[in-house]
Amino acid sequence: KDEKDLKDEITIDTSDLVKLGADGNLATAWIEGDAKGDGKGEWIELTLAEESAVHMVRIVSGCVDTKQTLKGHNVPESFTIKLDSGGDAHVNRREAGRFEAPVVAFTDELIKLADRPWARTTLVFFDGKTDASKVRVTLDKAIKQGKGNQTCISEISVH
């Protein structure tokens, strides 16, 4: 399916905390709300219009609007993806090749954004056997950079 068809199928929580992380705009980002730490345990959850098989979750880590915004904020190093129908998937971006079911693979290397070569897109592939109506991404650990100690995710999408 093309990108427009996928957007039409997915409904997201448009609260202030979630909408910037799933608005299709890489110039905006979800920023965790942990005032004293790097966001460990903070989460963002997408609600799908209807329960369906999850084949992939796409995450653009960091505030990727400009090189300066990327360097000024933390970037998720590891996170947990939870499907509401069961199963947690722990992903550590620094340990490619190590993952747990229901994840079957993940990569930071497949997608390069021509207008933002500094951006990293993580694709997390699932076996497609698990249906879900909600997908939650919880921060486990961040790569610290910048002065503000805030961790960002520019975009999340479910396919």
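Along the sequence shown, the residues carry numbers beginning at 1. Worth knowing before you read on, the calculation uses all heavy atoms, side chains too, and leaves out hydrogens, waters and symmetry mates.
- For K82, the NZ atom sits in a packed shell: over 12 heavy atoms of surrounding residues, nucleotides or ligands are nearer than 6.0 Å.
- Note: E32 CD to Q150 CD = 6.5 Å, rounded to the nearest 0.5 Å.
- Of all heavy-atom pairs spanning C63 and H73, the tightest one is SG-CG, 3.8 Å.
- For the atom pair L139 CG and C152 SG, the distance stands at 9.5 Å (nearest 0.5 Å).
- Between the CD1 atom of I156 and the CD atom of E45 there is a distance of 10.5 Å, given to the nearest 0.5 Å.
- Closest approach of T130 to S85, counting heavy atoms only: CG2-OG, 3.3 Å.
- A 4.5 Å side-chain heavy-atom check between N74 and N149 finds at least one atom pair inside the cut-off.
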field: side-chain contact (heavy atoms from CB on, under 4.5 Å) between V60 and L26, intermediate numbers included
entry: CA-CA 8 Å; V60 180; L26 292 174; 3.9 Å; yes
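- Residues F106 and N92 share a closest heavy-atom pair of CZ-O, 3.2 Å.
- Formation of a donor-acceptor pair under 3.5 Å by the E155 side chain with backbone atoms of A29 is not found in this model.
- When all heavy atoms of I153 and P76 are compared, the closest pair comes out as CG1-CG, 3.8 Å.
- Although no hydrogens or angles enter the test, the distance criterion places a donor-acceptor pair under 3.5 Å between the side chain of D38 and the main chain of K40.
- Side-chain atoms of W118 and V64, non-hydrogen and from C-beta on, do get closer than 4.5 Å to each other.
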- request: Begin with the C-alpha distance, continue with both residues' side-chain angles, and end with the deciding distance and a verdict on side-chain hydrogen bond (donor to acceptor under 3.5 Å, both in side chains) for T28 and D23.
  value: CA-CA 8 Å; T28 62; D23 62 358; 2.6 Å; yes
- prompt: For D131 and V54, what are the C-alpha separation, side-chain angles and deciding distance, and is it a side-chain contact (heavy atoms from CB on, under 4.5 Å)?
  reply: CA-CA 6 Å; D131 289 350; V54 175; over 6 Å; no
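- The hydrophobic clustering, which links ILVMFWY residues whose side-chain heavy atoms are closer than 4.5 Å, places V104 and M56 together.
- The backbone N or O of W43 sits nowhere less than 3.5 Å from a side-chain atom of T138 that would complete a donor-acceptor pair.
- To the nearest 0.5 Å, atom OG of residue S154 and atom CG of residue D65 are 8.0 Å apart.
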Trace of the side-chain contact (heavy atoms from CB on, under 4.5 Å) decision for K112 with R120: CA-CA 7 Å; K112 303 291 185 206; R120 287 287 208 203; 3.4 Å; yes
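- Contact between F126 and I81 at its shortest, heavy atoms only, is CZ-CG2, 3.8 Å.
- Within the 3.5 Å criterion, the main-chain N or O of L70 finds a donor-acceptor partner in the side chain of Q145.
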- prompt: After noting the C-alpha distance and the side-chain angles of R93 and S78, does the key distance pass the side-chain hydrogen bond (donor to acceptor under 3.5 Å, both in side chains) rule?
  reply: CA-CA 6 Å; R93 296 177 53 233; S78 62; over 6 Å; no
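- Contact detail for V75 and G62: the closest heavy-atom pair is CG2-CA, 4.0 Å.
- T80 and D88 are not linked by any side-chain donor-acceptor pair at a separation below 3.5 angstrom, with hydrogens and angles left out of the test.
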task: Decide yes or no on side-chain contact (heavy atoms from CB on, under 4.5 Å) for R58 and H159, but give the supporting numbers first.
output: CA-CA 8 Å; R58 173 183 156 260; H159 307 271; 4.2 Å; yes
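- For the atom pair CD (E42) and CD1 (I31), the distance works out to 12.0 Å, reported to the nearest 0.5 Å.
- If you take CZ on F79 and CZ on R136, they are separated by 15.5 Å, rounding to the nearest 0.5 Å.
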